Amino acid sequence: MQRLVSTRNFAFGYTLESAQPLTFYSDYAIGGGLLTFPYQKSIVSLRYRGDNKSGSFYLERSTGKSVFGREEASYLFRLGDDMERIYESISTDAFMIAAIEKYRGLRLTRNDPWVTTLTFIISQFNNIKRIRRIVKLLIERYGTDINDSSGMPVGKGFPDMETLSRLSVKELMECGTGFRAGYIKEASRYFTENVDLYKLEGKSYSMIKDALIGARGIGDKVADIIALMGYGKLEAFPIDTWIKRTVEKVYFNGHGKTVKEIHRFADERWGELAGYAQQYLYWHGMHSL
DNA sequence: ACCCAGGCGGGCG
DNA sequence: CGCCCGCATGGG
């Protein structure tokens with residue numbers, strides 16, 4: 001078993017469970033430190049040995065045609081981020097300090113833009129367990145085939161957007177997508193025919209967000225989370241029901257605030273690292289308030 | 001039975 | 001703009 005990379009300030013369990021794309025489509029056993037997921041044209045199994053302070057990733061198995069090594073692991077889990085510097089910067093108050101204390105090592109992940117787009121269109125007005133179920137059904141039924149070097153099938157990857165755009169709403173609903181079926185179909189077509197998600201890489205946060213919101217089924221929150229987790233824009237601050245609830249309660253004495261006001265508040269308070277602050281607020285707020 | 005879930009689109013004032 | 005409503009579905 002090949003050792004890929006060592007970690008510091010990395011919490012395997014929190015990172016995988018905290019409702020990021022990997023939560024929705026990978027199989028993980030927190031205790032055993034095992035993680036299996038489709039990666040491009042391969043199925044990859046990683047083993048994590050260590051605790052929330054330090055550890056190492058090992059490549060247990062990789063079957064298929066894509067390479068997954070040290071560089072990919074480091075990129076996926078943002079192991080290059082200087083967490084001490086980030087913690088220092090976002091430790092603005094007692095609630096944030098408590099969140100960091102409790103969930104130290106929770107990382108944002110980097111994800112494919114299309115994977116992030118699809119999973120978070122599905123996430124709306126939904127819960128984590130059901131999101132997992134829907135995503136896995138889509139992969140199972142409409143995912144791209146992944147074969148080993150001799151052509152033997154080893155699993156399924158993410159369904160590509162052309163495939164989904166050609167499905168009927170009925171077929172999409174039979175995967176449990178509910179009222180989101182139309183959104184999936186139309187957004188798939190939009191990103192196939194009108195806007196190339198992969199040409200947005202490297203553009204500014206606001207350009208990316210505007211381009212994403214042009215698609216049906218993507219609003220302010222989903223666009224922000226795609227910018228954050230699919231394009232690595234750390235200044236993005238996705239505002240879902242939990243974040244709204246938490247920010248109002250912790251910072252405004254429970255008084256209602258508009259999404260616009262919360263965006264301004266987060267930008268002034270956490271600026272370029274608002275996305276990291278958001279992930280800690282979300283996870284700590286959801287479990288403690 | 002009832003309530004809710006990492007929201008969005010549409011209609012209204 | 002801000003506010004309100006309906007939306008499919010499965011789990012608690």
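Throughout, a chain's letter reflects where its sequence line sits, starting with A, and its residues are numbered from 1. Computed from a predicted model, the values in this text were never measured in an experiment.
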Check residues 172-180 of chain A and write down every donor-acceptor pair under 3.5 Å in which the side-chain atom is one partner and the other belongs to a residue at least two apart or another chain.
unit_1 : atom_1 : unit_2 : atom_2 : d
A:E174 : OE2    : A:K170 : NZ     : 2.8
A:T177 : OG1    : A:L172 : O      : 2.7
A:R180 : NE     : A:I122 : O      : 3.2
A:R180 : NE     : A:Q124 : O      : 2.9
A:R180 : NH1    : A:T177 : O      : 2.9
A:R180 : NH2    : A:Q124 : O      : 3.1
A:R180 : NH2    : A:F125 : O      : 2.9

Expected output is a numbered-order residue list: members of residues 172-183 of chain A with a heavy atom under 4.0 Å from any atom of DNA chain B. What is it? A:F179, A:Y183

Which comes earlier along DNA chain B counting from the 5' end, the contact point of A:D240 or that of A:G217, where each point is its nearest nucleotide? A:D240

Which residue lies toward the 5' end of DNA chain C, A:K260 or A:N126, if each is placed at its nearest nucleotide? A:K260

Check every strand shown and say whether A:I239 touches a base, only sugar-phosphate, or nothing at a heavy-atom separation below 4.0 Å. nothing

Below 3.5 Å, can you tabulate the donor-acceptor pairs from side chains in residues 62-69 of chain A to any protein atom, sequence neighbours excluded?
unit_1 : atom_1 : unit_2 : atom_2 : d
A:S66  : OG     : A:K41  : N      : 2.9

What nucleic acid atoms does A:S18 come within less than 4.0 Å of, heavy atoms only: base, sugar-phosphate, or nothing? base

For atom CZ of A:F120 and atom C1' of B:dC8, their distance in whole Å: 16 Å

Most 5' of A:I128 and A:R216 on DNA chain B, judged by nearest nucleotide: A:I128

Tell me the interatomic distance from A:I184, atom CD1, to C:dC7, atom C1', rounded to whole angstroms. 14 Å

Donor-acceptor check, side chain of A:R47 to backbone of A:L35, threshold 3.5 angstrom: yes or no? no

Report the distance from atom CH2 of A:W242 to atom P of B:dG7, rounded to the nearest whole Å. 10 Å

Calculate the interatomic distance between A:F125 atom CZ and C:dG10 atom C1'; express it in whole Å. 12 Å

Quantified in whole Å, what is the P atom distance between nucleotide B:dG9 and nucleotide C:dG10? 23 Å

Just to confirm, is there a sub-4.0 Å distance from OP1 or OP2 of B:dA5 to any side-chain nitrogen or oxygen of A:R245? yes

Report yes if at least one side-chain N or O of A:R133 is closer than 4.0 Å to OP1 or OP2 of C:dA8; otherwise report no. no

Under 4.0 Å, counting only non-hydrogen atoms across every strand here, what does A:E186 touch: a base, just sugar-phosphate, or nothing? nothing

Send over the distance from A:I218 CD1 to B:dG10 C1', rounded to a whole Å. 18 Å

C1' spacing across the pair B:dC8 / C:dG11, given as an integer number of angstrom: 23 Å

Side chains of A:Y28 and A:Y48: do they bring a donor and an acceptor to under 3.5 Å? no

Whole-Å distance separating the CD1 atom of A:I243 from the P atom of B:dA5: 14 Å

Is there side-chain contact between A:T246 and A:F95, with heavy atoms separated by less than 4.5 Å? yes

Nearest-Å distance for atom pair NZ/P, residues A:K244 and C:dC3: 9 Å

Distance only, no hydrogens: is a donor on one side chain within 3.5 Å (strictly under) of an acceptor on the other, for A:Y87 and A:N9? no

Which heavy-atom pair separates A:P238 from A:D224 by the least distance, and what is that distance? CA-CB, 3.7 Å

Ring pair (Phe, Tyr, Trp, His ring centres under 6.0 Å) partner of A:F24, chosen from A:F37, A:F120, A:F158: A:F120

What is the separation between atom CD1 on A:I131 and atom C1' on B:dA5, rounded to the nearest whole Å? 8 Å

Below the 4.0 Å mark, does C:dT9 have OP1 or OP2 next to a side-chain nitrogen or oxygen of A:K129? no

